[in-house]
Number of protein chains: 2
Amino acid sequence: MPMSNQKPPGARGSDAVKSSLSVEAWAEAALDALATGGLDAVAVEPLARRLGVTKGSFYWHFPSREALLREALKLWERHETIDARAGVEEMTDPYERIVRLFKQANSSYKAGRLYLALAAASDDPAVGEVVKRVSANRLNYLNQCYRALGLSELDARLWSTFAYATFIGNQQVHRDTPEQFPVDEDFRAYFKLMLKTLVPRPGGPVDGEA
Amino acid sequence: MPMSNQKPPGARGSDAVKSSLSVEAWAEAALDALATGGLDAVAVEPLARRLGVTKGSFYWHFPSREALLREALKLWERHETIDARAGVEEMTDPYERIVRLFKQANSSYKAGRLYLALAAASDDPAVGEVVKRVSANRLNYLNQCYRALGLSELDARLWSTFAYATFIGNQQVHRDTPEQFPVDEDFRAYFKLMLKTLVPRPGGPVDGEA
DNA sequence: CTCATCCCGTACGTTGACGTATGGAAACGA
DNA sequence: TCGTTTCCATACGTCAACGTACGGGATGAG
């Protein structure tokens, strides 16, 4: 049984490739099923049918359904942490960095669905652990960005939580009632409004307590 | 088979009682299971065990699992639309009305979990329909409140969507990473910040486009 | 050519939940 | 007291998915 490394026939040379090619394909399919059908859609036989094979294939690559879930979660966490930093780290200005984060968060509808599906399956301990870690990472990163804007520790925490909650909620509203969600021109106005409201300009007013 | 009215031995007199007593008990249990375990937790035999009975009882009250789901959704929608208006309609000042709505939205953690669980199960057509209706109702009501504040049609739509998304997101963040969510004193500051940011005071500045 | 390993298909046993059939106990009216 | 209605338990068949056992074709090494 593989599950780790066993020299896949393709992609020779870079022996840094740890996971078998098919393993990742199964994991991707699992994430796809998760985004659309929830956690129970991550089922061996349905996925096998979807991929045009049978269980026999699956149980050669994985010891169990739980192993597939673990692999899918690992893949998701990697995507989530890498994509979150991509195109953001290069921005030096903290304001522009936050703007970039927001644009990114609103750009990938599919990633939003995936997060919501995983968050809804947090009852599963393995899922809950990863969701909590990813969510905490995002919040901490946003918090650092707000601190870089000059906000105090408390203010940064409050504003970053505020902003993060808003964008998570946007994904939720967008999914639950798409026809109520602003599009095109309205969305641009909506986005601009949120930006102006949620991220204080470098020279703007700083509000402490009342 | 009942499923509608059949003169429950208790609560005589008010024959306006449409659903049997036990039917509502099953529906409540179903909502409870939904909040904690998701849609698949609404299973006949597990619920029966939880209630200390067997399937025999269930299939006397309901023709199928789907009927239970429908009943639970009906109950949820009723709760959601009634509770949303309770303690809000009496407020005449639109500002105070919105504040009341926000306080209410943040007060019931359990109701938040229920909404998130149902929203996550929107793949089910019956669930999706109700979720969409409830969500749209909330948004429209909030929109009316913002219009009553004097905002234009567009501004009211944007601000109400903004505010609604934020509070939905709060429930999500609160559930996914509870230890990162502000509590006690920090929460009060957080709440105040959101209020000041999201609901313009009657005499405050009105921002149109840039 | 032979053989061993890789990858997958097939057949089987098991489990959990759905739904049905039927019996039975308790309450209630005549 | 007797029968009917109400509510629930038990037993059964079905189905879908998990996991296992085993076989078999392909492919590369010797």
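Only this structure's heavy atoms are used, side chains among them; waters, hydrogens and symmetry mates stay out. In what follows, every chain begins at residue 1, and chains take the letters A, B, ... in the order their sequences are listed.
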If I take atom [atom1] in residue [X] and atom [atom2] in nucleotide [N], what distance separates them, rounded to the nearest angstrom?
X: A/Arg65; N: D/dT20; atom1: CZ; atom2: P; result: 15 Å
X: B/Tyr59; N: D/dT10; atom1: OH; atom2: P; result: 17 Å
X: B/Phe62; N: C/dC18; atom1: CZ; atom2: C1'; result: 15 Å
X: B/Asp40; N: C/dC18; atom1: CG; atom2: P; result: 10 Å
X: B/Arg49; N: D/dC8; atom1: CZ; atom2: P; result: 17 Å

Candidates [options] - which lies nearest the side chain of [X]:
X: B/Ser57; options: D/dA9, C/dC6, C/dA17; answer: D/dA9
X: A/His61; options: D/dA17, C/dC8, C/dA17; answer: C/dC8
X: A/Val53; options: D/dA17, C/dT20, C/dG9; answer: C/dG9
X: A/Thr54; options: C/dG9, C/dC18, C/dC8; answer: C/dG9
X: A/Pro46; options: C/dC8, D/dC18, C/dA17; answer: D/dC18
X: A/Trp60; options: C/dC18, D/dC18, C/dC8; answer: C/dC8

With no hydrogens and no angle check, do the side chains of A/Tyr190 and A/Asn106 hold a donor and an acceptor under 3.5 Å apart?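 Side chains of A/Tyr190 and A/Asn106: no pair found under 3.5 Å.
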Among side-chain atoms of B/Asn170 and A/Tyr164, is any donor-acceptor pair under 3.5 angstrom?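 No.
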Donor-acceptor check, side chain of B/Arg65 to backbone of B/Val42, threshold 3.5 angstrom: yes or no? yes
Using 4.0 Å as the upper bound for N to carboxylate O, is an ion pair formed by B/Asp155 and B/Arg147? no
Nearest-nucleotide 5' precedence on DNA chain C, A/Phe58 against A/Glu45: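 Here A/Phe58 is the residue nearer the 5' end.
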Specify the residue among A/Gly56 and A/Ala43 whose closest nucleotide of DNA chain D lies further upstream toward the 5′ end.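 This one resolves to A/Ala43.
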